[in-house]
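See below for the structure under consideration.
Numbering starts at 1 and runs along the sequence shown.
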Amino acid sequence: MTFNSVLVAKPTYFEVAYAINPYMTDASGQLNKVDQKNAQVEWRSLVDTFRETGLKVIEMEGVHGLPDIVFTANQSFPFWNKFTQKYEIVLSKMRSAERAQEVPYFEKLWKGLGFTVHHLNYSGAFEGNGDAIFSPDHGVVFGGYGPRTDKEVYEELSQRFGLEIVPLELRLKDFYHLDTCFSILSKDVAAIQPDAFSKEGLELLRSFFPVLVEIPIEENRQYFCGNCFCPDGKNVIVQKGSPTFAEHLKRLDFRVWEVETTEFMKSGGSVFCLKLFFPG
Ligand code: ARG
C-alpha cells in the first residue's frame with residue numbers, strides 16, 4: 001500500500017461564513033466574499049490536475065452549513081500503525097466550534113473504506129494532516145503545534161501507535177498549520193517558510209532535508225507556496241503566479257503544475273489542504 005489517493009470534498013456550500021484565521025477577512029475586517037461559480041471551476045480543475053498527475057481521487061459531497069469541509073487535510077490523519085502493521089486513521093479534534101461538526105463525516109467515510117478509525121483520548125486540539133504530516137520516506141511524523149494543534153497530543157500519538165514525532169512549534173499566526181509553511185517535495189528536498197519556525201525547529205528540519213527551499217514570506221502569504229503538494233518526488237502542484245518559488249522548483253528539476261485556488265485562499269487554504277493524501 002502506498003500513498004496514491006486523495007480525498008477531496010465538493011465546494012457546493014463553500015463560502016467564508018466566519019473568521020478563524022487572518023486570511024478570512026479583508027483590510028476593513030469584513031468577511032471575504034467567495035465567487036461560488038469560480039470556486040466550482042477552480043476546484044474541478046484542481047481535481048483534474050490531481051488525476052493528471054496519476055492520483056486516484058475520492059470525491060465527498062459538501063455539507064450545507066460546513067463551508068470549510070472542503071479543506072479535507074484537517075479532519076483526519078492517516079498514519080502507519082507499527083503495532084498493527086497497517087495504515088489507520090486518527091480523527092481530529094478541531095480547535096474551533098465552527099468546524100467540529102465536519103469530523104463525523106470523515107469517520108463514516110473511512111469506516112466505509114475499511115480503515116480502522118481511532119478517537120483521541122486527549123481532550124485538546126488536533127487538526128489532522130494540516131499539522132501532522134507522516135513521511136513514509138523518513139518513517140516519522142512532522143508534527144506542527146501551536147495555533148491549531150496542542151503539543152500534548154503527540155505524546156498520545158507516539159505512545160498509542162508507536163509513531164516517531166518531529167515536533168515543530170509554529171510561531172506566526174499567518175502560518176497557523178504546518179502545511180502553510182512546510183511541504184515535503186522528496187526525500188531530500190522540502191519547501192519551508194523559515195520565519196514560521198523556531199531555531200530548534202529549523203535545526204530539526206535541516207537534519208532531515210539536505211535541501212530546504214526557502215519561500216520568501218510575502219510570496220507565501222500571497223500565493224500559499226508553502227501549501228503546495230508533491231505526491232511523488234517529481235510533480236509539484238502549486239497556486240499560480242509566485243514570482244520566484246515556481247522558478248526555484250523548476251531549477252531543481254521538479255515538474256510544476258500551476259493551478260488557481262484564489263477562492264479558497266480567501267478562506268486561508270490552497271492546494272495541500274484541499275485534499276487528504278492517503279494510501280488507497
Ligand atoms: N478556513 C479554514 C480554517 O481556518 C482553512 C483551513 C486551511 N487548511 C490548512 N491546512 N491550511 O480552518
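Using modelled atom types and a 3.5 Å distance limit, the side chains of Thr53 and Asp232 yield no donor-acceptor pair. A donor-acceptor contact closer than 3.5 angstrom is absent between the side chains of Asp188 and Ser186. There is a side-chain donor-acceptor pair under 3.5 Å between Glu42 and Thr262.
Residues Gln40 and Pro11 form a side-chain contact, since some pair of their non-hydrogen atoms from C-beta on lies under 4.5 Å apart. For the pair Ile89/Phe106, no side-chain contact is recorded, criterion being any heavy-atom separation below 4.5 Å from C-beta on. Contact of the Asp179 side chain with the Phe142 side chain is not registered, since no non-hydrogen atoms from C-beta on lie closer than 4.5 Å. Looking at Leu168 and Leu205, their side chains come closer than 4.5 Å, going by heavy atoms from C-beta outward. The shortest distance between side-chain heavy atoms of Asp174 and Arg221 falls below 4.5 Å. Contact of the Glu219 side chain with the Pro243 side chain is registered, since non-hydrogen atoms from C-beta on lie closer than 4.5 Å. For the pair Tyr18 and Asp68, the minimum side-chain heavy-atom distance is below 4.5 Å. At a threshold of 4.5 Å between non-hydrogen side-chain atoms, the residues Trp80 and Pro279 do not count as touching.
Scanning both residues, Ala100 and Pro104, for their nearest heavy atoms gives O-CD, 3.8 Å. Closest approach of Val141 to Ala132, counting heavy atoms only: CG1-CB, 4.0 Å. A pairwise comparison of heavy atoms in Val271 and Gln239 identifies CG2-N, 4.1 Å as the closest pair. For the residue pair Asn74 and Cys273, the shortest heavy atom distance occurs at ND2-CB, 4.4 Å. Closest heavy-atom contact between Leu170 and Cys181: CD2-SG, 3.8 Å. The shortest heavy-atom contact between Arg99 and Phe71 is NH2-O, 3.5 Å.
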Worksheet item: Please walk me through it: do Lys111 and Glu107 pass salt bridge (charged side-chain N to carboxylate O under 4.0 Å, His left out)?
Response: CA-CA 6 Å; Lys111 287 184 173 163; Glu107 176 166 20; 2.8 Å; yes
Discussion item. Would Leu163 and Tyr154 count as a side-chain contact (heavy atoms from CB on, under 4.5 Å) here? Give the steps.
Written reply: CA-CA 9 Å; Leu163 289 169; Tyr154 292 116; over 6 Å; no
Worksheet item: Between Arg44 and Glu59, is a salt bridge (charged side-chain N to carboxylate O under 4.0 Å, His left out) present by the stated rule, with each step listed?
Response: CA-CA 11 Å; Arg44 183 49 65 194; Glu59 296 186 17; 2.8 Å; yes
Item to complete: Tell me, with the steps shown, if Phe175 and Ile217 meet side-chain contact (heavy atoms from CB on, under 4.5 Å).
Response: CA-CA 10 Å; Phe175 306 105; Ile217 192 161; 3.9 Å; yes
Practice prompt. Would you check, one step at a time, whether the test side-chain contact (heavy atoms from CB on, under 4.5 Å) holds for Leu157 with Leu120?
Written response: CA-CA 9 Å; Leu157 293 182; Leu120 288 167; 4.0 Å; yes
Worksheet item: What do the steps show when you test Trp43 against Val8 for side-chain contact (heavy atoms from CB on, under 4.5 Å), and what is the final call?
Response: CA-CA 9 Å; Trp43 187 86; Val8 293; 3.5 Å; yes
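The distance from atom CG of Asp150 to atom CG of Asp131, rounded to the nearest 0.5 Å, is 10.0 Å. With rounding to the nearest 0.5 angstrom, the SG atom of Cys225 is 9.0 Å from the CD atom of Gln193. For the atom pair Cys228 SG and Ile184 CD1, the distance stands at 11.0 Å (nearest 0.5 Å). Expressed to the nearest 0.5 Å, how far CZ of Phe3 lies from CG of Leu276 amounts to 8.5 Å. Here CD of Glu88 is found 10.0 Å from CZ of Arg160. Values are rounded to the nearest 0.5 Å. For the atom pair Ile237 CD1 and Glu258 CD, the distance stands at 12.0 Å (nearest 0.5 Å).
Arg95 contributes no side-chain N or O that, together with a main-chain N or O of Glu127, makes up a donor-acceptor pair within less than 3.5 Å. Between the side chain of Asn227 and the backbone N or O of Phe272 there is at least one donor-acceptor pair closer than 3.5 Å. Side-chain atoms of Ser92 come within 3.5 Å of backbone atoms of Gly128 as a donor-acceptor pair (strictly under, hydrogens ignored). Of the possible polar contacts, none joining the Arg148 side chain to the Ala125 backbone as a donor-acceptor pair under 3.5 Å is found. No donor-acceptor pair under 3.5 Å is formed between the side chain of Ser5 and the backbone N or O of Val57. No donor-acceptor pair closer than 3.5 Å links the side chain of Asn220 to the backbone N or O of Ile215. With hydrogens and angles disregarded, no donor-acceptor distance shorter than 3.5 Å links the side chain of Asn32 to the backbone of Ser267. Judged purely by atom type and a 3.5 angstrom limit, Thr72 uses its side chain to pair as donor or acceptor with the backbone of Leu7. The closest donor-acceptor contact from the side chain of Gln101 to the backbone of Leu66 lies at 3.5 Å or more, if one exists at all. Judged by distance alone, the side chain of Glu156 and the main-chain N or O of Tyr122 form a donor-acceptor pair under 3.5 Å.
Grouping the Ile, Leu, Val, Met, Phe, Trp and Tyr side chains by contacts below 4.5 angstrom, directly or via other members, places Leu172 with Met265. No path of Ile, Leu, Val, Met, Phe, Trp and Tyr side chains, each step under 4.5 Å between heavy atoms, connects Leu212 with Leu249, placing them in separate hydrophobic clusters. Cluster annotation: Ile69 is connected to Val34 through the hydrophobic network of ILVMFWY side chains, with a link wherever side-chain heavy atoms come within less than 4.5 Å. Taking hydrophobic clusters as Ile, Leu, Val, Met, Phe, Trp and Tyr residues chained together by side-chain heavy-atom distances below 4.5 Å, Leu202 shares a cluster with Tyr145. A single hydrophobic cluster is seen to contain both Phe14 and Val259, as judged by linkage of ILVMFWY side chains at heavy-atom distances under 4.5 Å, directly or through other members.
Side-chain rings of Phe161 and Phe134 stay apart, their centers remaining 6.0 Å or farther from each other. Centroid-to-centroid, the aromatic rings of Phe224 and Phe264 stay 6.0 Å apart or farther.
The pair Glu203-Arg206 does not meet the salt-bridge criterion, since no charged nitrogen lies less than 4.0 angstrom from a carboxylate oxygen.
Within a 6.0 Å radius of CD in Gln36, other residues, nucleotides and ligands contribute more than 12 heavy atoms. Under a cut-off of 6.0 angstrom, the local environment of NZ in Lys173 is sparse, with at most 12 non-hydrogen atoms contributed by other residues, nucleotides or ligands. Within 6.0 Å of the NE2 atom in His64, the count of heavy atoms belonging to other residues, nucleotides or ligands does not exceed 12. Annotation for Glu164: atom CD does not count as buried by contact number, only 12 or fewer foreign heavy atoms lying within 6.0 Å. By the 6.0 Å contact criterion, OH on Tyr105 is open, its count of non-hydrogen atoms from other residues, nucleotides or ligands being 12 or less.
Ring orientation note: the planes of Trp110 and Phe115 are nearly perpendicular, at an angle over 60° on the 30°/60° scale. By the 30° and 60° cut-offs, the orientation of the rings of Tyr23 relative to Tyr176 is tilted. Between Phe79 and His118, the ring planes lie tilted relative to each other; the angle falls in the 30° to 60° range.
Figure legend: Lys275 and Phe229 shown as a cation-pi pair, the cationic atom lying under 6.0 angstrom from the six-membered ring centre and within 45 degrees of its axis.
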